[in-house]
Colleague: 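This is the structure, below, for whatever I ask next.
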Amino acid sequence: MVLTRTTNHTYSHPFPTVTLAFFLRYYSPQLNPFSSHVLSTDTISSHVDPVTGRLHTTRIHLKKSRMPSAVVKLLPTSVTGGGGDKSSYVLETSVVDMKEGWMKTESRNLNYTGVLSVVEEQHYSCSPPDAPGSTPSAYSNATALAVSRPLSPNTFVTTTFSYRSSLGSKKHDRSHADSAETPDETGPRRLGSWISGWGANRIQRSIESIASNKTDDQIIKSRDGMGMVLERLRNNGVVSVLRELRRREGKAVFDQ
């Protein structure tokens with residue numbers, strides 16, 4: 001079972017500006033104070049499809065992460081590694097079609113997937129989610145959709161989070177067993193007994209529910225961060241913002 005949650009939001013900025021803000025949102029805490037948890041960002045690949053004209057990008061982010069305290073209390077330390085700050089990798093893929101006016105992104109954690117796998121999918125569009133043509137079409141229709149039209153002052157985004165815990169599954173238990181040197185009471189046997197006592201499904205649903213309940217705070221911070229980047233792009237201009245960031249790189253304060 002996978003627990004999903006979907007939200008909609010509207011940015012009062014045109015689509016090209018929003019797509020730029022998306023790629024700049026982790027550029028520096030000086031630009032986006034809500035990105036201070038991002039330790040590094042690397043681009044793995046980026047190319048424009050010569051047929052469709054779509055930009056395909058794959059990036060990997062290293063972020064500070066703190067497992068929800070409720071999950072830490074729920075699980076034994078042999079699974080969580082205890083409380084406190086940790087770091088985890090997040091894989092991000094995106095496709096941008098400027099002609100049709102949409103962008104699709106997907107982000108997923110690469111660490112702790114046995115405990116909880118979180119996938120965030122976003123669809124940005126010049127049109128509201130329920131409007132015709134707001135979803136990506138086949139390239140055969142791109143010409144019809146790319147007819148000159150006024151640039152919308154708003155960008156609409158639909159975000160879907162998917163949560164899945166596989167703790168207690170046979171595959172997860174086997175990976176723990178293979179990595180253990182000695183089957184002592186703190187290893188897989190104890191974990192297996194603990195899971196059996198609670199029930200794997202019950203534990204998985206509890207972890208997924210806890211993560212879902214934390215989503216509201218994450219979404220608010222994410223939108224606030226995007227909003228700050230967008231306002232600075234609007235007020236100062238793209239070139240000025242990038243020039244100032246490079247000039248002040250390494251400083252703690254970014255003048256608004």
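Numbers here simply count residues along the sequence, with the first being 1. Fair warning: this is a prediction, and the values are worked out from it, not measured in the lab.
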Colleague: Given a cutoff of under 4.5 Å between side-chain heavy atoms of I, L, V, M, F, W and Y, with clusters grown through shared members, what are the other residues clustered with Tyr26?
Modeller: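 Grouped by the 4.5 Å side-chain rule, Val38 form the rest of the cluster around Tyr26.
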Colleague: In Å and rounded to the nearest 0.5 Å, what is the OG1 to NE2 distance from Thr159 to His123?
Modeller: 11.0 Å
Colleague: Determine, stepwise, if the pair Thr105 / Met103 fulfils side-chain contact (heavy atoms from CB on, under 4.5 Å).
Modeller: CA-CA 7 Å; Thr105 72; Met103 174 173 68; 3.9 Å; yes
Colleague: Step by step, would you call Phe161 with Ile219 a side-chain contact (heavy atoms from CB on, under 4.5 Å)?
Modeller: CA-CA 10 Å; Phe161 284 92; Ile219 290 177; 3.8 Å; yes
Colleague: Identify, with sequence neighbours excluded, every residue that meets side chain to side chain contact (heavy atoms under 4.5 Å, CB included) alongside Glu121.
Modeller: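 Applying side chain to side chain contact (heavy atoms under 4.5 Å, CB included) to Glu121 gives Glu106, Val119.
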Colleague: Test of understanding: with side-chain hydrogen bond (donor to acceptor under 3.5 Å, both in side chains), list the residues that count as partners of Asp216, not counting sequence neighbours.
Modeller: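 Listed in chain order: Arg5.
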Colleague: Would you please test Tyr124 and Phe15 for side-chain contact (heavy atoms from CB on, under 4.5 Å) and show each step?
Modeller: CA-CA 8 Å; Tyr124 295 79; Phe15 177 73; 4.1 Å; yes
Colleague: Who are the side-chain hydrogen bond (donor to acceptor under 3.5 Å, both in side chains) partners of Arg234, not counting sequence neighbours?
Modeller: His13, Glu231
Colleague: Can you check whether Val118's main-chain N or O pairs, donor with acceptor, with Arg108's side chain at less than 3.5 Å?
Modeller: no
Colleague: Quick one: do Leu116 and Val90 end up in the same hydrophobic cluster if we chain Ile, Leu, Val, Met, Phe, Trp and Tyr together by side-chain heavy atoms under 4.5 Å apart?
Modeller: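 No, Leu116 does not connect to Val90 through the hydrophobic network.
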Colleague: Is there a donor-acceptor contact under 3.5 Å from the side chain of Arg59 to the main chain of Phe23?
Modeller: yes
Colleague: Could you check Leu24 against Leu233 for side-chain contact (heavy atoms from CB on, under 4.5 Å), going step by step and ending with a plain yes or no?
Modeller: CA-CA 10 Å; Leu24 288 178; Leu233 290 173; 4.3 Å; yes
Colleague: How many angstroms lie between CG in Asn32 and CE in Met228, if you round to the nearest 0.5 Å?
Modeller: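 Asn32 atom CG to Met228 atom CE measures 7.0 Å (nearest 0.5 Å).
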Colleague: Hydrophobic cluster mates of Leu39, side-chain heavy atoms under 4.5 angstrom, ILVMFWY only, any path?
Modeller: Ile44, Ile60, Leu62, Tyr89, Leu91, Leu110
Colleague: State which residues pass side-chain hydrogen bond (donor to acceptor under 3.5 Å, both in side chains) with Glu120; sequence neighbours excluded, sorted by chain then number.
Modeller: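 Not a single residue meets the side-chain hydrogen bond (donor to acceptor under 3.5 Å, both in side chains) criterion with Glu120.
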Colleague: What's the spacing between Ser125 OG and Asn154 CG if we round to 0.5 Å?
Modeller: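 Output value for this atom pair is 11.5 Å.
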Colleague: Taking NZ, NE, NH1 and NH2 as the nitrogens, is one of them in Arg54 or Asp49 under 4.0 Å from a carboxylate oxygen of the other?
Modeller: no
Colleague: Considering non-hydrogen atoms only, spot the tightest contact between Ser166 and Thr113 and give its length.
Modeller: OG-O, 3.8 Å
Colleague: Looking only at heavy atoms, what is the nearest atom pair of Cys126 and Ser152, with distance?
Modeller: O-OG, 3.6 Å
Colleague: Answer yes or no: is there a side-chain heavy-atom contact under 4.5 Å between Leu230 and Tyr11?
Modeller: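 SC-SC contact between Leu230 and Tyr11 confirmed.
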Colleague: Whether Lys104 and Glu92 form a salt bridge (side-chain N of Lys/Arg under 4.0 Å from carboxylate O of Asp/Glu) is what I want to check.
Modeller: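 No salt bridge links Glu92 with Lys104.
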Colleague: Please enumerate all residues that pass ring-ring contact (aromatic ring centres under 6.0 Å, His included) together with Phe156, with sequence neighbours excluded.
Modeller: none
Colleague: For the residue pair Val95 and Trp102, establish whether any side-chain heavy-atom pair is separated by less than 4.5 Å.
Modeller: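 Answer yes - side chains close enough.
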Colleague: Would you mind reporting whether Ser88 and Tyr112 have side-chain heavy atoms less than 4.5 Å apart?
Modeller: yes
Colleague: Report the C-alpha separation of Thr57 and Ser46 in whole Å, then their side-chain angles, then the decisive distance to 0.1 Å, and conclude whether the side-chain hydrogen bond (donor to acceptor under 3.5 Å, both in side chains) test is met.
Modeller: CA-CA 4 Å; Thr57 305; Ser46 184; 3.3 Å; yes
Colleague: Might you work through the side-chain hydrogen bond (donor to acceptor under 3.5 Å, both in side chains) test for Asn8 and Thr158, ending with a clear yes or no?
Modeller: CA-CA 5 Å; Asn8 293 297; Thr158 298; 2.6 Å; yes
Colleague: By salt bridge (charged side-chain N to carboxylate O under 4.0 Å, His left out), which residues pair with Asp217, not counting sequence neighbours?
Modeller: Lys221
Colleague: Minimum heavy-atom separation for Ser162 to Val2, with atom names?
Modeller: CB-CG1, 3.9 Å
Colleague: Nearest 0.5 Å please: distance from the OG atom of Ser35 over to the CD atom of Gln30.
Modeller: 9.5 Å
Colleague: Among residues at least two apart in sequence or on other chains, which ones pass side chain to side chain contact (heavy atoms under 4.5 Å, CB included) with Pro16?
Modeller: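 Partners of Pro16 under the side chain to side chain contact (heavy atoms under 4.5 Å, CB included) test: Pro14, Met98, Leu151.
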Colleague: Give a yes or no on whether the backbone of Asn236 and the side-chain of Ser240 come within a donor-acceptor separation of less than 3.5 Å.
Modeller: yes
Colleague: Hey, are the side chains of His56 and Ser94 touching, using non-hydrogen atoms and a 4.5 Å cut-off?
Modeller: no
Colleague: Given side-chain hydrogen bond (donor to acceptor under 3.5 Å, both in side chains), test Thr7 with Arg223 step by step and report yes or no.
Modeller: CA-CA 12 Å; Thr7 63; Arg223 290 174 179 170; 3.1 Å; yes
Colleague: Measure across Val48 and Leu55 and return the closest heavy-atom pair with its distance rounded to 0.1 Å.
Modeller: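 In this case the closest contact between Val48 and Leu55 is CG2-CD1, 4.0 Å.
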Colleague: Nearest 0.5 Å, what's the CG-OG distance between Asn111 and Ser117?
Modeller: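 One gets 11.5 Å once the value is rounded to the nearest 0.5 Å.
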Colleague: Taking the side chain from Arg25 and the backbone from Phe22, do they hold a donor-acceptor pair closer than 3.5 Å?
Modeller: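 Yes: the side chain of Arg25 pairs with the backbone of Phe22.
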Colleague: Sort and list the pairs that fulfil salt bridge (Lys or Arg N to Asp or Glu O under 4.0 Å) and have at least one residue in residues 35-45, not counting sequence neighbours.
Modeller: none
Colleague: Per the salt bridge (Lys or Arg N to Asp or Glu O under 4.0 Å) rule, what does the pair list look like for residues 7-22, sequence neighbours excluded?
Modeller: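 Checked against salt bridge (Lys or Arg N to Asp or Glu O under 4.0 Å) - neighbours excluded - no pair reaches residues 7-22.
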Colleague: Drop me the distance from Ser212's OG to Leu3's CG, to the nearest 0.5 angstrom.
Modeller: 4.5 Å
Colleague: Return the set of residues passing side-chain hydrogen bond (donor to acceptor under 3.5 Å, both in side chains) with Thr6 (not counting sequence neighbours), or none when no residue passes.
Modeller: Thr160
